[in-house]
Every structure is written in C-alpha cells, then in structure tokens.
Student: 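This is the structure, below, for whatever I ask next.
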Amino acid sequence: MLMSPRPLVAKDEIFGIFDAMRIKHPHHEDAVAIFETLRNRKKSFPNAQQTAGCLFAGSCSGKTTTVKWYIEKILLPEWLASQPAHPEVEMEVLLRMQTLGLHVELSGETTMSGLMSDFLEALDDPDPHRGTIKQRRFRVEKALKRRGYQIIFLDETQHLKTQTNAGPIGRQDDATSVQNTLKRWVKRWPIIFVGTQHAERVVFEHQVQTRTNPPIHFGPLHFSREQDAKIVIEFCGRLALKIVQHGILDEGPEILAGGDVPLCLNIASKGRLGLITIIVRMALEYAVGSGLRELRREHLEKAVTNYSLRIGLCSYNPFTKGPHLMPSIEEFANDNSIELV
C-alpha cells in the first residue's frame, strides 16, 4: 500500500521549525569536545579545583544554539538513562528536570543581586528574588551541590557588571562581589562563559583568567579563508536537507549550496551561521507565503533587503548586484555598526 505524502507545513510554522533546528559544523563540534573535557574532569575529580571555558563571538553566531544542542543531545539522554521512564513528559520539561548541565541566561546589567536571581530562576526556584543576596547565594550553592550539576553555562556574560575605579563606591564593591563569586564557583564547577566578543574584557579579571582554557573559536567565518568557505558551503547544504526533513519544501533547495549563493549569504550575514538561518527562514516565508514551494534567488534577495540591509549587516545586497565587494575580516568582527533584532 502506497503511503500518502506528508503534508507540507504552513508559512506560520516555519519560524518555530527554524527555532528548534540544530545543525552541526566544525566549530560546534570543537565546542562540544571542550564541554565534554571540562565535564569529565568534574565527574572524575569532583573535589578538585575546576576550570572554565569561554565561547565569545558576535551576536547570532550560533553560540547559544550549540549550548542547547549539547544539553538536548548529550546531557539529557545521559540523565534519562539513569532515571525512571518519563513517557508523557514534554522535552522542555525534561530539559529543566535534568541535573547534569545548568544553562543560565543573564539579564540586563548583572549586579550581584541580579546574578543570584538569574541563577535561581534557571534552577526553577519558586521565588528567585526572595531574600538577601547572601541568602540567595546560599540557596544557589545548596541547589548546585545537592543536584550534582557537572557543568554550568553562563550566557550573555557581556552583561556582567565590570570593576572600575570610577563611579560610586557601592557600584565598585558590587562588581568586585560578582567577580569574587565567579572565582569561587569556577573552583567548584566547570563554567562556560558565553557572550559576544565584548564579554572577554568584562569576564576576565586575572584570577578568573588563570583558571580558563584557551577560547573556543566561533567565527566570524570569512570566505577568503578556504576552511571557512568550506564550513559555510557545507552548512548551507545541511540546512537544505533540514528544510526537506521538516516538511517545508518537497525537494531540497539546491540553490542554497550552489553557485555564488553561499558567498552572498556569507556577506549578508557578516560571517555568522545563525544569521544565515534567519535570512533563509525569512526567504522561505516569502516563498511559501506567495504560494510557492520553491526557494528562489528573488526570495533571498528580498530577505537580505528587509533584514541584513535594514540593520546594517551589509552595505549592499549581494543577491542584487552580485558579490563584487567582500568586506574585510575586521569588518565582519565589528558589531558596533549593527543592531541585531
């Protein structure tokens, strides 16, 4: 009996599909290997002083996506294997139940009070703002120890308050307390500091830096470098496969990995794989919204005009004029002229 073809998804479903999409690439694999090295040290020598890692790159480079992939694909299955079956529990709930890795996203300019509340929120504390700073720090450390976390990811670390000789004494003391707390915690748990390239000068007070492994390279990718060009082309090919696997198109959009399209996407994304997925997702929404189940150059051109050009990722549309001007590596690394949304 012939199986009827799976119905294709609607335009409004494309956003959610892309949000949940995970695509591996060499920098992702290098990062995961370091995560595992630090976690295995904690498992093997739980009472030894631990070390940190750092993953700093421009916005939308795929850093947080890599952290989420690691928790979903490595940590969650390992944790589930040690637990009673949870057949009816949704993955989002299971991800918060697992106690091998903790993903903390910092909010705003992170004071000592904010740091404690952000940790308690990640730990599903029912009232993360209750109590003094010392009381909340005690609850954080008690929960981390009792649950047996093996690795911590501290995301958006560019928001950490920095130490300075200027400003009110209270502000300076608070920044010092944040740094001292991080030093204390790095000794107990492997911490991966994740943030934009500006985060390095925020995080690394000397005693934290001496406990940190070499930084994980995460771009930007520049087509002038042969290995970077290969990564972009292979990523576009894998993305084309995912588009079919998730029922967005009937056939893989060969346009993505052919001709000058990977180069154009590299320019329009400022060398960031996460931004390539945003451009392609918008292009697919334009295609499906117009009644087509085919990705065309005109859809990519429209996405770059309405996204990349609008927020200053590129100075011209390479899909309109051709990729005649390649920005420098330094320009790709500069986030100051763009406002990512």
Side-chain angles (χ1 to χ4, degrees), residues 6-25 27-28 31-32 57-73 76 90-92 95 103 105 155-156 194 218-221 231-258 261-262 264-311 313-314 319 338-341:
R6 181 179 60 175
L8 297 176
V9 303
K11 173 193 170 185
D12 292 342
E13 296 177 86
I14 295 174
F15 179 88
I17 290 170
F18 266 72
D19 183 64
M21 201 177 282
R22 308 285 185 255
I23 300 175
K24 293 194 288 186
H25 53 86
H27 292 171
H28 159 104
V32 168
S59 299
C60 296
S61 294
K63 306 178 299 294
T64 299
T65 300
T66 292
V67 171
K68 289 180 177 179
W69 182 96
Y70 176 70
I71 295 173
E72 291 169 3
K73 304 297 185 184
L76 181 59
E90 294 183 356
M91 176 181 267
E92 286 302 314
L95 287 170
H103 185 197
E105 186 172 344
D155 210 342
E156 302 291 348
V194 183
F218 228 76
L221 300 168
I231 290 173
V232 173
I233 293 169
E234 289 181 351
F235 182 85
C236 290
R238 291 179 179 181
L239 179 55
L241 291 174
K242 290 281 188 180
I243 288 167
V244 177
Q245 290 171 3
H246 287 282
I248 299 174
L249 300 180
D250 281 315
E251 297 181 2
E254 294 182 3
I255 185 175
L256 278 184
V261 169
C264 291
L265 288 171
N266 185 236
I267 293 171
S269 67
K270 242 183 172 185
R272 303 172 194 187
L273 298 178
L275 292 176
I276 287 179
T277 63
I278 292 175
I279 294 167
V280 173
R281 185 256 299 165
M282 291 181 66
L284 285 166
E285 288 172 336
Y286 293 140
V288 174
S290 66
L292 293 173
R293 288 292 174 170
E294 177 188 4
L295 182 63
R296 297 176 179 174
R297 191 180 183 93
E298 65 199 63
H299 303 132
L300 294 165
E301 178 183 342
K302 184 176 180 180
V304 170
T305 296
N306 292 340
Y307 182 67
S308 302
L309 278 173
R310 177 174 60 84
I311 64 174
L313 283 169
C314 52
F319 287 104
I338 63 175
E339 182 178 348
L340 294 173
V341 294

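Positions are given from 1 along the sequence.
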Student: Would you list the pairs meeting salt bridge (charged side-chain N to carboxylate O under 4.0 Å, His left out) in which at least one residue belongs to residues 232-245, sequence neighbours left out?
Tutor: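 Found none.
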Student: Can you confirm whether Glu301 sits close enough to Cys264 that some side-chain heavy atom of one is under 4.5 Å from a side-chain heavy atom of the other?
Tutor: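 Glu301 vs Cys264: side chains apart.
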Student: Which heavy atom in Ser308 sits nearest to a heavy atom in Ala268, and how many Å separate them?
Tutor: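 So the minimum-distance heavy-atom pair works out to OG-O, 2.9 Å.
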Student: Looking at CZ of Phe319 and CZ of Arg296, how far apart are the two atoms once the value is rounded to the nearest 0.5 Å?
Tutor: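 Rounded to the nearest 0.5 Å, the CZ-CZ separation comes out at 15.5 Å.
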Student: Decide if atom CD of Glu254 counts as having more than 12 heavy atoms of other residues, nucleotides or ligands within a radius under 6.0 Å.
Tutor: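 Not more than 12 within 6.0 Å, no.
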Student: Go through the steps to decide whether Phe218 and Arg272 satisfy the test side-chain contact (heavy atoms from CB on, under 4.5 Å), and finish with yes or no.
Tutor: CA-CA 9 Å; Phe218 228 76; Arg272 303 172 194 187; over 6 Å; no
Student: Side chain to side chain contact (heavy atoms under 4.5 Å, CB included) with His27: which of Val32, Leu221, Leu273?
Tutor: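 Going through Val32, Leu221, Leu273 one by one, the side chain to side chain contact (heavy atoms under 4.5 Å, CB included) with His27 is satisfied by Leu221 alone.
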Student: Is Lys68 reaching over with its side chain to a backbone N or O of Ala20, donor-acceptor style, under 3.5 angstrom?
Tutor: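 No, Lys68 side chain to Ala20 backbone: no donor-acceptor pair under 3.5 Å.
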Student: Counting C-beta onward and ignoring hydrogens, is there a side-chain heavy-atom pair between Thr305 and Lys302 closer than 4.5 Å?
Tutor: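 Not in contact.
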Student: Could you please spell out the steps behind the side-chain contact (heavy atoms from CB on, under 4.5 Å) verdict for Ile276 and Val232?
Tutor: CA-CA 9 Å; Ile276 287 179; Val232 173; 4.1 Å; yes
Student: Could you please spell out the steps behind the side-chain contact (heavy atoms from CB on, under 4.5 Å) verdict for Leu313 and Tyr307?
Tutor: CA-CA 8 Å; Leu313 283 169; Tyr307 182 67; 3.8 Å; yes
Student: Using side-chain contact (heavy atoms from CB on, under 4.5 Å), reason through Leu8 and Val288 one step at a time and then give a plain yes or no.
Tutor: CA-CA 10 Å; Leu8 297 176; Val288 174; over 6 Å; no
Student: Once you round to the nearest 0.5 Å, how far does CG of Leu76 lie from CD1 of Ile71?
Tutor: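 Separation between the atoms: 9.5 Å.
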Student: Please report the closest heavy-atom contact between Pro262 and Leu256, naming both atoms and the distance.
Tutor: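 Scanning both residues completely, I find the closest heavy atoms to be CG-O, 3.4 Å.
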Student: Would you mind reporting whether Val9 and Ile17 have side-chain heavy atoms less than 4.5 Å apart?
Tutor: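 In contact.
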Student: Are the side chains of Asp155 and Val67 in touch, meaning some heavy atoms are under 4.5 Å apart?
Tutor: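 Contact flag for Asp155/Val67 side chains = no.
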Student: Would you indicate whether the side-chain heavy atoms of Leu275 and Leu265 approach each other to under 4.5 Å?
Tutor: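 When only atoms from C-beta onward are counted, Leu275 and Leu265 do not touch, as no gap falls below 4.5 Å.
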Student: Taking C-beta and beyond as the side chain, do Phe18 and Val280 meet within less than 4.5 Å on heavy atoms?
Tutor: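 In contact.
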Student: Taking Arg293 for its side chain and Ile248 for its backbone only, find out whether a donor-acceptor pair lies under 3.5 Å.
Tutor: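 Checked: pair present.
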Student: Give a yes or no answer on whether the side chain of His246 reaches the backbone of Ile243 with a donor-acceptor pair at less than 3.5 Å.
Tutor: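 Not a single qualifying donor-acceptor pair exists.
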Student: From Phe15 CZ over to Glu285 CD, what is the distance, rounded to the nearest 0.5 angstrom?
Tutor: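 Between atom CZ of Phe15 and atom CD of Glu285 there are 8.0 Å.
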Student: How long is the span from the OG1 atom in Thr65 to the CD atom in Glu72, to the nearest 0.5 Å?
Tutor: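 These two atoms lie 9.5 Å from each other.
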Student: Rounded to the nearest 0.5 Å, what's the gap from CE on Met282 to OG1 on Thr277? Could you check?
Tutor: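 That separation rounds to 11.5 Å.
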Student: Heavy atoms, side chains only, cut-off 4.5 Å: are Ser290 and His299 in contact?
Tutor: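 Touching, per the 4.5 Å side-chain cut-off.
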Student: To the closest 0.5 Å, what do you measure between SG (Cys314) and CD1 (Ile279)?
Tutor: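 Answer for the SG-CD1 pair, Cys314 versus Ile279, is 7.0 Å.
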Student: Does the side chain of Ile255 come within less than 4.5 Å of Glu294's, by heavy atoms?
Tutor: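 Not touching, per the 4.5 Å side-chain cut-off.
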